[in-house]
Amino acid sequence: MKYVSTRGQAPALEFEDVVLTGLASDGGLYVPETIPEFSQEEIASWAGLSYQELALKVMSSFVAGSIPEADLKDLIDRSYSTFRHQAIVPMVQTGHNEWILELFQGPTLAFKDVALQFLGNLLDYVLKKRDQKVVIMGATSGDTGSAAIEGCRHCDNVDIFILHPYQRVSDVQRRQMTTVIENNVHNIAMKGNFDDCQNLVKASFADQSFLPEGRQLAAVNSINWARIMAQIVYYFYAGLSVGSPARKVSFSVPTGNFGDIFAGYIAKRMGLPVDQLVIATNSNDILHRCISNNDHSKKALEHTLSPSMDIMMSSNFERMLFELYDRDGAKIAELMEDFKSGSMTLGEAQLSKARELFSSYRLGDDEMIDVIRDVFENCEYLVDPHTAIGVEAARKTRRNNDVPMICLATAHPAKFPEAVKKAGQKEDPALPHHMSDLFDREEKCEILDHDAQVVRDFVASNCRA
Ligand SMILES: *Cc1c(COP(=O)(O)O)cnc(C)c1O
């Protein structure tokens with residue numbers, strides 16, 4: 001399987017190169033040249049498979065020609081052995097035909113583990129095969145950093161450096177990162193804000209000459225296709241559990257960078273009978289404005305109680321545009337150029353196609369708090385702020401009560417005690433057993449000034465030989 005850029009000007013690459021590459025050379029994102037499709041009979045035959053067995057069926061077609069099936073199976077098995085629940089992504093019922101898909105059973109209690117546990121193993125596999133080493137640099141305001149660190153802590157050929165703004169992430173989030181003390185893991189608390197961290201990382205990607213000879217930077221953010229690929233699996237797993245493909249199924253997805261819900265769209269293209277795909281946003285609502293009013297314009301970032309969805313623009317939406325415009329790379333390049341100056345407008349045909357595929361809803365912090373309280377009062381189940389937004393969006397946009405609605409739970413409530421307390425809980429939600437000693441563990445973290453040279457020197461001198 002080859003991969004092509006959404007802007008049509010970069011060379012097509014094989015799967016393994018796409019995993020190591022990040023952005024395409026024309027600024028686009030890589031997508032598979034063709035999306036594999038499965039018959040209803042074939043999908044029906046997957047009904048009894050374990051999560052890992054199903055992952056092998058779903059991912060094989062995307063890596064065909066690059067990774068032998070036995071190796072892929074081994075990568076999948078190792079990646080999901082770190083999850084606390086045998087089902088990997090179990091479901092809980094919260095209403096009539098309404099389900100919560102718990103994607104937070106991995107090591108850092110957020111759905112990003114589903115993709116990043118796999119990506120870490122995959123990177124190490126590809127790098128060893130090629131006798132190559134890479135450096136990962138990332139900036140985080142919380143979730144992504146810890147999931148990336150957990151994904152890469154056992155990688156022999158990866159050194160990972162994660163920058164977070166000094167004293168501006170929560171204690172749980174910081175400790176999830178800094179208590180990983182393997183010698184290829186480096187946490188940098190930089191004296192600045194999140195944007196300073198992100199800008200420094202971006203500049204480092206643009207000029208990598210500070211790295212030791214033979215090293216390059218690799219990206220683990222959601223522009224990496226392998227993350228999307230790993231996320232497609234749970235749409236199939238959940239759908240099969242409620243009777244698909246004989247039955248249609250709908251999903252509501254707390255959305256930030258559009259990686260998660262894009263995986264749902266790909267599952268639909270592959271043959272899963274998806275009825276509704278609901279884009280649920282907080283007050284950073286560019287996608288909701290786009291679907292409802294064709295208003296895809298940048299607005300100032302708002303800090304909300306669902307911080308993992310605080311984005312100004314959704315980088316993976318470009319992949320969706322590529323499909324809406326029938327894979328016309330030149331048109332996508334033009335639209336993204338428009339967007340640089342602040343906004344872009346979808347064509348009429350594309351907008352109506354997007355509206356057929358997606359419903360959307362936006363929720364502010366106050367309404368979100370009410371949802372956490374409401375779900376708890378009705379079924380004694382505590383949802384985190386991101387999940388709450390998805391639940392309410394599902395309830396507000398649902399067209400057909402006969403179709404099971406699956407709300408993706410993207411984080412464990414213990415990661416967001418502030419919101420949970422505001423919703424009337426007397427105590428902080430308990431951390432799961434494997435993390436109950438988080439506050440007793442040793443921390444390792446470097447506090448550095450907001451100075452590109454200082455950070456680069458630190459990175460260069462701490463890469464393993
Ligand atoms: C990253 C994240 C999201 C948003 O997912 P995208 O793929 O960026 O749309 C939602 N909820 C939580 C808890 C997250 O960590």
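Position 1 is the first residue of the sequence, and the numbers go up from there. In each ligand, atom 1 is the first atom listed, and ligand 1 is the first ligand listed.
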Inset, instruction - Measure the distances from the heavy atoms of Ser222 to every atom of ligand 1 and state whether one is below 4.0 angstrom. - result: no

Inset, instruction - Using atom types as modelled and distance alone, determine if a side-chain donor or acceptor of Ser81 lies under 3.5 Å from a backbone N or O of Arg78. - result: yes

Inset, instruction - Mark yes when over 12 heavy atoms from residues, nucleotides or ligands other than Lys299 sit less than 6.0 Å from its NZ; otherwise mark no. - result: yes

Inset, instruction - Measure centre to centre between the rings of Phe358 and Phe258, then say whether the value is under 6.0 Å. - result: yes

Inset, instruction - Look only at interatomic distance and state if Thr410 has a nitrogen or oxygen under 3.5 Å from any nitrogen or oxygen of ligand 1. - result: yes

Inset, instruction - Compute the shortest N/O to N/O distance between His386 and ligand 1 and return yes if it is under 3.5 Å, no if not. - result: no

Legend entry - Distance flag, aromatic centroids of Phe317 and His296, threshold under 6.0 Å: yes

Inset, instruction - Check if Phe111 has a non-hydrogen atom at a distance under 4.0 Å from any atom of ligand 1. - result: yes

Legend entry - Asp384, any N or O under 3.5 Å of ligand 1 N or O: no

Inset, instruction - Compute the ring centroids of Tyr265 and Phe262, then answer whether they are less than 6.0 Å apart. - result: yes

Inset, instruction - Please indicate whether any nitrogen or oxygen in Phe416 is less than 3.5 Å from any nitrogen or oxygen in ligand 1. - result: no

Inset, instruction - Under 4.0 Å from a heavy atom of Phe258: give me the atoms of ligand 1 that qualify, with their elements. - result: 6 (P), 8 (O), 9 (O)

Legend entry - Atoms of ligand 1, numbered as shown, that sit under 4.0 Å from any heavy atom of Ala411: 13 (C)

Inset, instruction - Please confirm whether Gly259 comes within less than 3.5 Å of ligand 1 when only nitrogen or oxygen atoms on both sides are compared. - result: yes

Inset, instruction - Considering only non-hydrogen protein atoms, determine which one is nearest to atom 4 (C) of ligand 1 and report residue, atom name and distance to 0.1 Å. - result: Gly256 N, 3.6 Å

Legend entry - Asp285 with Arg362: basic N within carboxylate O range, under 4.0 Å: yes

Legend entry - Protein heavy atom at shortest distance from atom 14 (C) of ligand 1: Lys112 NZ, 2.9 Å

Inset, instruction - Start with the C-alpha gap between Asn257 and Asn316, add the side-chain angles, then the distance that decides, and say whether side chain to side chain donor-acceptor pair (under 3.5 Å) holds. - result: CA-CA 6 Å; Asn257 267 323; Asn316 275 292; 6.0 Å; no

Legend entry - Salt bridge Arg84-Asp113, side-chain N to carboxylate O under 4.0 Å: no

Legend entry - Nearest neighbour in protein (non-hydrogen) for atom 8 (O) of ligand 1: Asn257 N, 2.7 Å

Legend entry - Test: Glu33 and Lys2 ion pair at under 4.0 Å: no

Inset, instruction - Looking only at protein heavy atoms, identify the closest one to atom 7 (O) of ligand 1 and say how far it is in Å. - result: Asp260 N, 2.9 Å

Legend entry - salt_bridge(Glu337, Lys340) N-O dist < 4.0 Å: yes

Inset, instruction - Could you tell me which atoms of ligand 1, counted from 1 in the order shown, lie closer than 4.0 angstrom to a heavy atom of Met309? - result: 10 (C)

Legend entry - For Pro254, atoms of ligand 1 separated by under 4.0 Å from a heavy atom: 4 (C), 10 (C)

